[in-house]
Novice: 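Just passing along the structure, written as structure tokens.
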Protein chains: 2
Amino acid sequence: MAKHHPDLDLLFHALSDPTRRMMLNRLAKGPAPVTELAGPSGFKLPTILRHLSVLEEAGLVATQKDGRVRSCAFQPAALRPMTDWLEDQRRLWEGRLDRLDDYVTKLLKEREK
Amino acid sequence: MAKHHPDLDLLFHALSDPTRRMMLNRLAKGPAPVTELAGPSGFKLPTILRHLSVLEEAGLVATQKDGRVRSCAFQPAALRPMTDWLEDQRRLWEGRLDRLDDYVTKLLKEREK
DNA sequence: TGTATAGTTAGCGATATGGCTAAGCATCAT
DNA sequence: ATGATGCTTAGCCATATCGCTAACTATACA
């Protein structure tokens, strides 16, 4: 377990915005051009483009240009560091419970004497 | 699926900072007073206190004062909206794959004619 | 060629974030 | 009662974030 994961910073930050999550939601159903991504949001294109670049920097979306249209695709693998973190956290927590269990067990043994 | 989950905003934002994740890491092993939380971070107390309040607002940590000491405890249940979101996202993505599968299947049937 | 379409860049303003110091308050130990 | 301890508040500064408009580039289509 490293001390500091910049991946996680970018990942969690990218996901902390409802507009970006809405964009991801759309992309999880399949690739889309920028305009379609902006469509339901009510935001202007430059705003959406900025959000898109945040998603790209987090690795959550990959884009490529075909003619004048940029196609955006969800990259589910980018969620991995997050699920790993969750798993680590869960392990720590359960370790805590185990130690509590050990403690109680020990207390009971003490009593038997 | 609601349109906008403020919980998720707070949750992801809270987790987007390495210092806050370090604090959570410590708390996952068991409750701790503010000073112990600040200890290894190298940051000053007011800074840590601010981070703590972000974690509290996200529901990730609950605190209570006992004398002059504030005890902080990790609240794993607060992670639920996040795991739910992950699950939704996964479902969407797999739905996409299923539809792709249907499409290929259909293509193959067309060929058989 | 000329016009519509799709995206891009530059830059502005309001607000939020993350760090700090300094000063204050409340409790515990002597 | 006095000092040490643990937390708290107020307020400052630098930077980042999120929205916008305006102006620009590049491709497609007639």
Novice: Side chains of B/Val34 and B/Cys72: does their closest heavy-atom pair fall under 4.5 Å?
Specialist: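 Counting from C-beta outward, B/Val34 and B/Cys72 do come under 4.5 Å.
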
Novice: For nucleotides 25-30 of chain C, which of its nitrogen or oxygen atoms have a protein nitrogen or oxygen under 3.5 Å away, and what is each distance?
Specialist:
{"from": "C/dT27", "atom 1": "O2", "to": "B/Arg68", "atom 2": "NH1", "distance (Å)": "3.1"}

Novice: Could you list by number each residue of residues 38-53 of chain A showing a heavy-atom separation from DNA chain D of less than 4.0 Å, or answer none if no residue does?
Specialist: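 The answer is A/Phe43, A/Lys44, A/Pro46, A/Thr47, A/His51.
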
Novice: Rounded to whole angstroms, how far apart are CZ on A/Arg70 and C1' on D/dT27?
Specialist: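 It is 14 Å, rounded to the nearest whole Å.
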
Novice: So which pairs with a foot in residues 42-53 of chain A pass side-chain hydrogen bond (donor to acceptor under 3.5 Å, both in side chains), sequence neighbours left out?
Specialist: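 For residues 42-53 of chain A, and leaving out neighbouring residues, the side-chain hydrogen bond (donor to acceptor under 3.5 Å, both in side chains) pairs sorted by first residue read A/Arg20-A/His51.
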
Novice: Enumerate the protein-to-nucleotides 13-17 of chain C contacts in which both atoms are nitrogen or oxygen and the separation is below 3.5 Å.
Specialist:
none

Novice: Any non-hydrogen side-chain atom of B/Leu86 less than 4.5 Å from a side-chain atom of A/Leu86?
Specialist: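 SC-SC contact between B/Leu86 and A/Leu86 confirmed.
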
Novice: For the backbone of B/Leu15 and the side chain of B/Arg21, can you confirm whether one donor and one acceptor N or O come within less than 3.5 Å of each other?
Specialist: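 Side chain of B/Arg21 to backbone of B/Leu15, a donor-acceptor pair under 3.5 Å: yes, one is there.
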
Novice: If a pair satisfies salt bridge (Lys or Arg N to Asp or Glu O under 4.0 Å) and one of its residues is in residues 63-85 of chain A, list it, with sequence neighbours excluded.
Specialist: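 Output for this query lists A/Arg80-A/Asp84.
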
Novice: Listed by chain and number, what are the side-chain hydrogen bond (donor to acceptor under 3.5 Å, both in side chains) partners of B/Gln64, not counting sequence neighbours?
Specialist: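 Once residues adjacent in sequence are excluded, B/Gln64 has no partner under the side-chain hydrogen bond (donor to acceptor under 3.5 Å, both in side chains) criterion.
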
Novice: Assess whether a salt bridge exists between A/Glu87 and A/Arg90, defined as any Lys/Arg side-chain N lying under 4.0 Å from an Asp/Glu carboxylate O.
Specialist: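 Yes.
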
Novice: What is the distance from CD of A/Glu57 to C1' of D/dC18, rounded to the nearest Å?
Specialist: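 Rounding to the nearest Å, CD of A/Glu57 and C1' of D/dC18 are 15 Å apart.
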
Novice: Contact between B/Leu60 and B/Gln75 at the side-chain level, heavy atoms closer than 4.5 Å - yes or no?
Specialist: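 B/Leu60 vs B/Gln75: side chains apart.
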
Novice: Please work out which of the three classes, parallel, tilted or perpendicular, describes the rings of A/Phe12 and B/Phe12, given edges at 30° and 60°.
Specialist: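 Taking A/Phe12 first and then B/Phe12, their aromatic rings sit tilted (interplane angle of 30° to 60°).
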
Novice: For B/Gln89 and A/Leu24, indicate whether the former's side chain and the latter's backbone hold a donor-acceptor pair under 3.5 Å.
Specialist: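 Answer holds: yes.
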
